[in-house]
Every structure is written in C-alpha cells, then in structure tokens.
Amino acid sequence: MVKLAEGVQGFDTTKSAESYARLNSIGYDTSVKAIVDKMTLFLKNIKGHAWIVEIGAGQRKATIGIDASLKKHGFSNVTIIPLEPSSEQTKMAPKVDSGDQSTPPLIRNGEILPIKTNSAKGFLSSQVLHWVTTSKKLLELFKEGSRILVKDGFLVHAVSGLVDLKEYNKYHFTRAPFYLEAYLPEVKKLLIEHGFWSEDQGEFVPWNHKVNPFYHKYTLHDIRKIIKKAGFKDVKIDIYFARLGPEEWKKRCAELSMLKMHLFKSKRLKEIPENLMEEIGKQAFEQAKLSRSDLWNELSQETSEVMNQMPENLTHGEPVPVITARKK
C-alpha cells in the first residue's frame, strides 16, 4: 500500500462516469484517451495495487473519466489520488460514490506533494502543465513527482496547444481561417467598444501575451528537458488529435470556460464580467458566421472525432501531446 501523508485518501470513481460525461468536452475526451492508452501499457506490468497521484485534478473531469476507462479495461487494482491547489475548483467537483462517503480531492499544489517518498506507481495530469507559471516551478513539480514514485514508476501527462507545438501549431483550432480571420476580429471590435482593448495593444490573438500570458510559455522541447533534469528516463511524446464538429467550434467561440482559457487570461481581460465575456463570445461568433459564411461552411462539414494520431488529411482541431517517462 502506498505510504500517504496523514489525511490523504484515494477514491473510486466508477459510478461517477455519468457526472463526468455531463462536464466533458472533446478536449477532455482526447486527453483521457491519450492518458488511458499510455497508462494501460505501464499498468499491465504492475503486480498488486497501483496508487496513482494526479496533480491539478480540478473538478475531477479527467480523473473520473480515466478511472472509469481503466476499470473498463480490467484494471480494478488502481486508485487515483487527486490533488488540486484551488479550493474553488474542488467545491465545483461532482459528488463521487466511494462506498460510504464522498472523498473530495485534496487541496495541495504540485510542488509539495503530501505523499511519502518511493510510494506511488504513477504520476499524472491532464491539461495542467501549461498553467505552471515558471520553468523553475515546473522543474520542482517533476522533482516531486520523481521523489514520490517507486523505481521505474511511470509519468503520463497530457497537455494542450497552449504549449508551443512548433510545426503542429498550424493545425490548432486557433489557426483556422474562420477563427483567425473572422471570429477574432469580431471579438477585438467588441472589446474595443467596451473599453477593454485598444489598437496599440497589437493583434488580438491568443499568442499575444496581452491576451493570454500562458500561451506558448513552454515548448514540448522545454518540457522534455525539464522532465529529464528532474530524474526521469525514456521520455516520449506522442500527439493525439481532436477533430472538431460544429458544436465543438461553437463551444470554443461562445462557451465561457473556453473563452476564459484561451482569450481572457491577461490581468486586464480577466476584469471583464463573466456575463459580458459570454455575450462578447456569442455575438462575435454569430457575426463571424454571417460575415464569412464561406469559412464557417468549411468547418461545419467536419465531425467531432478523437484520434490517436494526427490525421492524414490534416485539418484544424486540437492537437493533444501526451508525455510519458519512467523514474530513473
């Protein structure tokens, strides 16, 4: 059994898959598939119970899906220990059936894990690493991951296009002509009208740090180097891909969570009231569809699909890198 610090518990999420489905988007679907695919390769060689530590568990969107998928694959010997630094996120998490009680994720940051040394079999996260504010903190996070893992323990982390994907950036949905040439200019126009943007702040695109200071903070090469420096070996990166249908495109343009993730992340833009954020997103989306129906019609022919590699007929969607490694 894993040696946990006082007060730490794992939980069983099998019966909460329905809650996960209500929270889910195809981005999380893709992360969960990528993580589960890689975890099963490691877990099939593990005897006995496997305690897995997850950082940045948030509302447990990914945790619940990963746990349910692993059990469908026959891995009933797995307990995920979710850690999340934000108490606000844990308050919004769905209830989890764990027998006699519901066990919320522990409120902890990733740089100081409440887990004893050489205890856990795995260390994972979904859509977390790009939010770590500095490379120093990212290194501390992976050093902690190395500390808690047994020898040859595994690491699986899925990230998003907020990380600089270099040659894959051009396939990210933010580079699609509809998003870049029709939708974002409409958002910019509305922000100027409301006094939250000006022409001297430059182009209104996610990779402008006045829009989103987290965008492209790290490259995949940066993350690989940091993981190796933290005490891991056999570092590998595979790219999964989410193809986006019309409803997914609408989410990325008009849903509050997506707007806050990609476009309203700077200190100034975070001051916008949430109801106004959503109104701006929806208005910009509808106006972009009217003004550039040709570009929208191209996108609306797509169907949402999770793929375990970049498609041969490359399109704009959501590339999802998944990183794996072993402790030295």
Side-chain angles (χ1 to χ4, degrees), residues 1-2 4 8-84 90 93-99 101-106 110 113 115 119-129 145 148-150 152-160 232 234 236-238 240 242 306-309 320-327:
M1 183 174 177
V2 71
L4 303 174
V8 181
Q9 302 178 60
F11 64 90
D12 183 350
T13 58
T14 305
K15 295 182 181 180
S16 297
E18 187 177 343
S19 298
Y20 171 77
R22 289 197 298 270
L23 290 165
N24 196 26
S25 72
I26 198 168
Y28 280 102
D29 278 341
T30 310
S31 288
V32 167
K33 175 172 174 51
I35 289 169
V36 170
D37 282 356
K38 301 306 179 185
M39 283 183 70
T40 55
L41 297 177
F42 291 115
L43 289 170
K44 68 182 182 181
N45 297 315
I46 292 177
K47 295 179 181 179
H49 202 85
W51 293 80
I52 311 297
V53 175
E54 180 191 9
I55 58 167
Q59 300 172 38
R60 294 197 297 256
K61 293 179 184 179
T63 317
I64 295 167
I66 292 166
D67 185 85
S69 293
L70 288 174
K71 285 179 172 58
K72 285 181 181 178
H73 282 78
F75 292 100
S76 57
N77 63 328
V78 176
T79 300
I80 299 174
I81 304 165
L83 306 175
E84 165 56 41
T90 63
K95 294 294 183 182
V96 174
D97 188 333
S98 57
Q101 63 179 4
S102 173
T103 307
L106 247 63
L113 300 175
I115 312 293
S119 293
K121 298 288 178 68
F123 177 54
L124 70 87
S125 75
S126 176
Q127 306 290 318
V128 170
L129 301 184
I148 67 168
L149 287 175
V150 298
D152 284 328
F154 67 85
L155 167 159
V156 180
H157 290 260
V159 294
S160 81
F232 289 90
D234 303 330
K236 296 178 182 177
I237 301 175
D238 292 305
Y240 281 56
V306 174
M307 312 177 80
N308 61 5
Q309 59 185 2
V320 176
V322 57
I323 307 157
T324 59
R326 283 189 180 278
K327 178 180 176 178

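By convention here, the first residue in the shown sequence is residue 1. We use all heavy atoms of the structure for the numbers below, so side chains are in, but hydrogens, waters and symmetry mates are not.
Under the side-chain contact (heavy atoms from CB on, under 4.5 Å) rule, Lys38 has a single partner from Ile323, Val156, Leu124, which is Val156. Of the listed residues (Leu149, Leu43, Leu41), just one forms a side-chain contact (heavy atoms from CB on, under 4.5 Å) with Phe154, and that residue is Leu43. Screening Asn77, Thr40, Ile52 for a side-chain contact (heavy atoms from CB on, under 4.5 Å) with Leu70, the sole residue that qualifies is Thr40.
With rounding to the nearest 0.5 angstrom, the OG atom of Ser126 is 11.0 Å from the CD1 atom of Ile55. With rounding to the nearest 0.5 angstrom, the CD atom of Gln309 is 9.5 Å from the OH atom of Tyr240.
Residues satisfying the salt bridge (charged side-chain N to carboxylate O under 4.0 Å, His left out) test with Asp152, not counting sequence neighbours, are Lys233. Among residues two or more places apart in sequence or in another chain, the salt bridge (charged side-chain N to carboxylate O under 4.0 Å, His left out) test is passed with Lys33 by Asp37. For Phe75, there are no ring-ring contact (aromatic ring centres under 6.0 Å, His included) partners at least two apart in sequence or on another chain.
Residue Ile66 comes nearest to Val32 through the heavy atom pair N-CG1, 3.9 Å, listed as atom of the first residue, atom of the second, then distance. Shortest non-hydrogen contact noted between Ser125 and Ile35 is O-CD1, 3.5 Å. Residue Val78 comes nearest to Lys71 through the heavy atom pair O-NZ, 3.8 Å, listed as atom of the first residue, atom of the second, then distance.
Side chain of Glu54 to main chain of Ile81: no donor-acceptor pair is present (N/O by atom type, distance under 3.5 Å, no hydrogens or angles).
In this structure, the side chains of Lys327 and Leu155 stay at 4.5 Å or more apart for every pair of heavy atoms. Within the 4.5 Å cutoff, no side-chain heavy atoms of His157 are placed close to those of Val128. Between Phe42 and Lys121 there is no side-chain heavy-atom pair separated by less than 4.5 Å.
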